[in-house]
Amino acid sequence: MRPFAYAAPATLAEAVRALSEAGPGARVLAGGTTLYDLMKLDIETPPIVVDVRALRELAGVDTTGQRELSFGAGALMADVAADPVLMREYPALAESLAKAASQQLRNMATVGGNLLQRTRCAYFRGGLAFPCNKREPGSGCAAIGGLDRGHALLGGSDACIATYPGDWAVALIAFDAVLDVAGPRGERTLALADLHVEPGDTPDREHTLDWDEIVTRIRVPVTPAGRGSTYHKVRDRESYAFALTSAAAAVSLDPDGAVGECRIAVGGVATRPWRCRAAERELTGAVLDEQSLRRAGEAAFEGARPGTHNAFRIELGIRTVAEALRIAGERALR
Amino acid sequence: MTSEVAIEFTVNGWSVHLRLDPRESLLDVLRERLGLTGSKKGCDHGQCGACTVHVDGRRVVSCLLPAVQVNGRSVTTIEGVMGLEGGLHPLQQAFVDHDALQCGYCTPGQVMSGLACIAEGHADDDDEIREYMSGNLCRCGAYTGILAAVREAARSSPVQEAALSRAADCGAAREADDPRES
C-alpha cells in the first residue's frame, strides 16, 4: 500500500475543506470496506484520506416520517437493516442490506459508502497484468471475450462490461431515492438514478459526484407499496456472496387484485443500478399471474447482451424478477 | 495532517498508546505490535472472517479496519474471552464438545463471531445461525460442529456479555506500550 496522509476532521465543514484543499486525488474514508480494500491492491492510491466515519452530521436514521424516510450517510448497514419500521414497511430496503456482505462488514460499512462501492470484476481488481479501461483508460478490456460469467448483460459498452455489485442502491433506485450532497460550492440534492453512470467510452468515471463532494443523506419518498416489497437475491451460495441476479420489487394492489403501483429494479446484471420501467408498465393495471410475471421479467431483460459465459443469467434474471414480484404481491395482500 | 498518527484505545481492558502508519490495519497492529496473535490473517480482504474481533462490542473484520479508526474505542480479541471462573467460556467449551474445529485457524474468528451472533439475538434457530455466521469460512469444513456449538451456547448460556465484560475489567487502567517505541 502506498503511504498516505490521514485526516480526521471533527465536522462536516472541516471535512469538505480538507477534501477541497487536498485536491482530486483525495478520498473519503467511511467504513473502509471498499476504499481500504482497494488500497491494499494498489487500485486506489490516494495521497490523502479524509475520515468521515464519526461525523455527527452524517448520523441519524428516521423511518417514521410522514413524507420520507431519512438515512444519514454514516449510518451503519447493520443498524439500518435491523430497523423494525423498515423491516415491516419497506422489506425490500431492509433485505437489500441484510442480504449483503457479512455481519462483520455490515457493522463497519455505511449506507452512504455502500452506494459508491466498486466493481468486483477480477480483471479490474487483479491489477496491471490485466488490461482494464476502468483502471487505465485505453488499455483494453480483458473481460470482453474473457471469463465473463459474472459480467454485465445490461448497460455495458465495447470498453467495459463490469457489473455494479451492490444491492442497497438497487432497492433504493426502485423507490426513487434522492441523495443530499455537501461540497465547497454548497449543498445539493440529486436523484439516486442520476448518481451512477454507464461506462460508455469512459469506464473510469462511475458517478456524477465532484471529487470534493460528500454524500450526507439518503431520502426515500414514503409509499404504501413499500409494504408489498422484497429484495430477491440469487447467488452461487446461500449467503455471503454477490448476486448472480437480483431484483427489488414493490407492488400495491387494487381491491380487484390489479396492480396499482409497481416498482422494479435489477442488480448483479448491469453496469449500474438498473430501474425497469418497461417491466413496470407491463404490469400496471394487470393481475399478477404466472404469465404476467413472466412478461415483466422478459421486459426487464429486453436488450440484454450476453457475452461468452454469462448468457444463463438472462433466463435466471427473468425468473428472479418474476419471483420477486410474486413475493411482493403476497406481501401486498397481508 | 502528518504521516504518523497517535492513537489511544483499549484492548481486552488494557490501555494502549501507539504512533501508527495510517496504512496499518487493526489486525496488523494486534498481531505485530501487540503480540496478540490469536486473530488470524486468512485473506486480508474481509472475505474469510478469521480476523474477527469486537470493537465497541460489535464484531468486525480487523483486516479491513484501518487501525487509526479505533482511536478512543475498545477492542476485544480472542485473548480476552474467558469463562466467569477464568477457564473456557461456555461457547469455547461447546466448540471443544462439538468438534467444531480441525486445524483451528478459523476458530478464533468463529468464536468471536459466535459470541456476537448470540449477543445480537441472531441465534434463535439453525437457519438464522447459519445466515449470521456466514461471514466466517472454514476450509476444514467444521460447519456442522460450529453450528451445534453456537446453538448450544445460545440456548444454555445467557451470560456471554457478562463474560466479555469481565475480560475487559481484568487489567483495566493498565498501560501497554509498543516495545518498539522509545
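In what follows, chains carry the letters A, B, and so on, assigned in the order in which the sequence lines appear, proteins first and then strands, with residues in each chain numbered from 1.
Side chain of Gln69(B) to main chain of Ala30(A): a donor-acceptor pair is present (N/O by atom type, distance under 3.5 Å, no hydrogens or angles). Panel note: side chain Tyr132(B), backbone Ser102(A); no donor-acceptor pair is recorded below 3.5 Å. For the pair Arg58(B) (side chain) and Asn107(A) (backbone), a donor-acceptor distance under 3.5 Å is absent.
In this structure the side chain of Leu64(B) never reaches within 4.5 angstrom of the side chain of Gln104(A), judged on heavy atoms. Put simply, the side chain of Val55(B) does not reach to within 4.5 Å of the side chain of Met108(A), judged on heavy atoms. Looking at heavy atoms from C-beta onward, Glu238(A) lies out of side-chain contact with Ser134(B) at the 4.5 angstrom threshold. Using a 4.5 Å heavy-atom cutoff, the side chains of Arg59(B) and Leu105(A) are not in contact. No side-chain heavy atom of Val49(A) sits less than 4.5 Å from a side-chain heavy atom of Pro22(B).
The candidate with the highest count of non-hydrogen atom pairs below 4.5 Å against chain A, out of Cys117(B), Gly46(B), Pro66(B), is Pro66(B). Heavy-atom pairs under 4.5 Å with chain A peak, among Thr52(B), Asp44(B), Asn71(B), Leu137(B), at Asp44(B).
With a threshold of 4.5 angstrom between heavy atoms, Leu38(A) does not approach chain B through any atom at all. Proximity to chain B (any heavy atom under 4.5 Å) is shown, for Asp37(A), by both the backbone and the side chain. Heavy-atom distances place both the backbone and the side chain of Gln47(B) under 4.5 Å from chain A. Only the side chain of Arg106(A) comes within less than 4.5 Å of a heavy atom of chain B; its backbone N, CA, C and O stay farther away. Only the side chain of Ser113(B) comes within less than 4.5 Å of a heavy atom of chain A; its backbone N, CA, C and O stay farther away.
Listed by sequence position, Arg120(A), Arg125(A) are the residues of residues 119-130 of chain A in contact with chain B, using a 4.5 angstrom heavy-atom cutoff.
Closest of all the heavy-atom pairs between Arg23(B) and Tyr36(A) is O-OH, 2.7 Å.
Under the side-chain hydrogen bond (donor to acceptor under 3.5 Å, both in side chains) criterion, Thr320(A) pairs with Thr245(A), sequence neighbours left out.
The number of heavy-atom neighbours closer than 6.0 Å to CE of Met87(A), taken from other residues, nucleotides and ligands shown, is 12 or below.
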